[in-house]
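Atoms within a ligand are numbered from 1 in the order they appear, just like the ligands themselves.
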Amino acid sequence: MKIGIYPGSFDPMTIGHLDILSEASRLFDVVYIGVLVNTAKAPAFSAGERVEMIQKAVIAAGLTNVVCEAFDGLLVDFARQKGAEFIVRGLRATSDFEYEFQIDAVNRYLEPKIKTVYFMASPEHSFLSSSNVREMAFWGGNINGLVPEAIREIISERLRKQ
Ligand code: PNS
């Protein structure tokens with residue numbers, strides 16, 4: 001069994017995340033999405049809300065070998081617990097490289113047997129991030145096509161400025 005972990009804050013999940021997840025689900029027998037509970041930034045959505053939204057999007061996308069869970073603590077511990085040898089991350093632009101390089105170095109130090117594999121984001125998603133989705137939704141901007149359709153309304157309603 002080839003098991004992959006796709007970790008992140010997913011605050012909220014974007015269509016770019018879903019794209020990478022779909023690619024990973026073709027490569028691995030099982031993909032565990034690990035939703036980080038305590039992100040450095042105070043999250044807009046609780047871990048429970050993020051997991052629930054991802055589950056909705058995964059079901060709507062028909063990805064049957066994907067399991068979504070929240071995790072706290074070290075990523076390598078979550079990966080070991082799931083029996084995963086691989087971590088999946090997405091890269092949008094060279095600006096992501098420095099950040100990913102550091103995460104990879106820490107994870108390699110902690111557990112050299114676990115390797116990280118990278119998927120390049122589609123060019124049309126290169127500008128897309130959870131933080132700019134949050135900002136657009138807050139000001140009532142159109143996020144159609146930027147987040148999975150199954151969770152678009154929940155995101156717009158929850159984040160829209162009162
Ligand atoms: O979506 P993000 O916020 O860029 O994801 C970052 C994430 C979750 C991959 C990273 O913060 C993480 O793995 N945190 C768990 C703590 C940990 O293992 N730290 C060591 C690697 S930096």
Side-chain angles (χ1 to χ4, degrees), residues 2-25 27-28 30-58 61 63 66-138 143 146-148 151-152 154-155 158-159:
K2 282 264 171 282
I3 301 172
I5 299 282
Y6 183 28
S9 305
F10 302 106
D11 189 34
M13 180 187 232
T14 68
I15 203 78
H17 292 131
L18 186 60
D19 240 28
I20 283 158
L21 179 65
S22 309
E23 294 302 321
S25 81
L27 193 66
F28 296 104
V30 182
V31 178
Y32 287 93
I33 305 184
V35 175
L36 184 66
V37 176
N38 288 318
T39 67
K41 336 121 197 182
F45 292 95
S46 72
E49 286 176 310
R50 285 177 275 149
V51 168
E52 213 174 292
M53 284 194 287
I54 292 169
Q55 282 167 342
K56 275 204 178 97
V58 163
L63 304 176
V66 173
V67 179
C68 180
E69 286 181 23
F71 81 100
D72 210 353
L74 291 177
L75 174 57
V76 291
D77 287 335
F78 181 65
R80 282 194 200 109
Q81 188 195 321
K82 297 299 175 196
E85 290 173 282
F86 299 94
I87 292 168
V88 171
R89 294 286 288 170
L91 288 174
R92 287 162 302 189
T94 48
S95 50
D96 281 341
F97 181 79
E98 193 73 24
Y99 175 61
E100 294 300 330
F101 187 76
Q102 285 180 26
I103 294 180
D104 181 65
V106 174
N107 287 333
R108 268 172 200 251
Y109 168 78
L110 292 169
E111 180 47 274
K113 284 201 211 95
I114 298 176
K115 294 289 168 206
T116 304
V117 294
Y118 300 89
F119 287 85
M120 291 299 293
S122 314
E124 68 268 29
H125 300 148
S126 58
F127 73 97
L128 187 55
S129 68
S130 297
S131 65
N132 58 33
V133 162
R134 287 198 302 273
E135 189 159 16
M136 284 185 261
F138 180 79
I143 57 166
L146 302 185
V147 296
I151 58 173
R152 181 175 55 83
I154 311 171
I155 295 171
R158 260 287 265 105
L159 296 180

Of the side chain and backbone of [X], name the one, both, or neither that has a heavy atom under 4.0 Å from an atom of ligand 1.
X: Val76; result: neither
X: Val106; result: side chain
X: Leu74; result: both
X: Gln102; result: neither

Indicate yes or no: does an N/O atom of Leu75 lie under 3.5 Å from an N/O atom of ligand 1?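 Yes, Leu75 has an N/O under 3.5 Å of an N/O on ligand 1.
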Spell out, as yes or no, whether a donor-acceptor pair under 3.5 Å connects the side chain of Ser122 to the backbone of Glu124.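 Checking the backbone N and O of Glu124 against the side chain of Ser122, no donor-acceptor pair under 3.5 Å is found.
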Would you please test Tyr118 and Asp96 for side-chain contact (heavy atoms from CB on, under 4.5 Å) and show each step? CA-CA 11 Å; Tyr118 300 89; Asp96 281 341; over 6 Å; no
Minimum non-hydrogen distance to [atom], winning option of [options]:
atom: atom 1 (O) of ligand 1; options: Ser131, Ser9, Gly90, Ser129; value: Ser9
atom: atom 15 (C) of ligand 1; options: Ala79, Gly73, Ala105, Gly34; value: Gly73
atom: atom 10 (C) of ligand 1; options: Asp104, Ile103, Leu110; value: Ile103

Taking every non-hydrogen atom, the tightest pair across Leu128 and Leu146: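 Heavy atoms only, the tightest pair is CD2-O, 3.5 Å.
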Verify side-chain contact (heavy atoms from CB on, under 4.5 Å) between Arg134 and Asp11, making sure each step is shown before the conclusion. CA-CA 8 Å; Arg134 287 198 302 273; Asp11 189 34; 3.6 Å; yes
Residue Asn107 vicinity, atoms of ligand 1 by number, heavy atom under 4.0 Å: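 Within the 4.0 Å cut-off of Asn107, ligand 1 contributes 20 (C), 21 (C).
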Applying side-chain contact (heavy atoms from CB on, under 4.5 Å) to Tyr6 and Val66, what does each step give before you reach the verdict? CA-CA 10 Å; Tyr6 183 28; Val66 173; over 6 Å; no
Between Leu36 and Phe71, is the side-chain contact (heavy atoms from CB on, under 4.5 Å) condition met? List the steps. CA-CA 5 Å; Leu36 184 66; Phe71 81 100; 3.7 Å; yes
State whether a side-chain donor-acceptor pair under 3.5 Å links Asn107 with Thr116.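 Checked: Asn107/Thr116 side chains show no N/O donor-acceptor pair below 3.5 Å.
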If we only consider heavy atoms of Tyr99, is any one of them less than 4.0 Å away from an atom in ligand 1?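 It does, in that a heavy atom of Tyr99 comes within the 4.0 Å cut-off of ligand 1.
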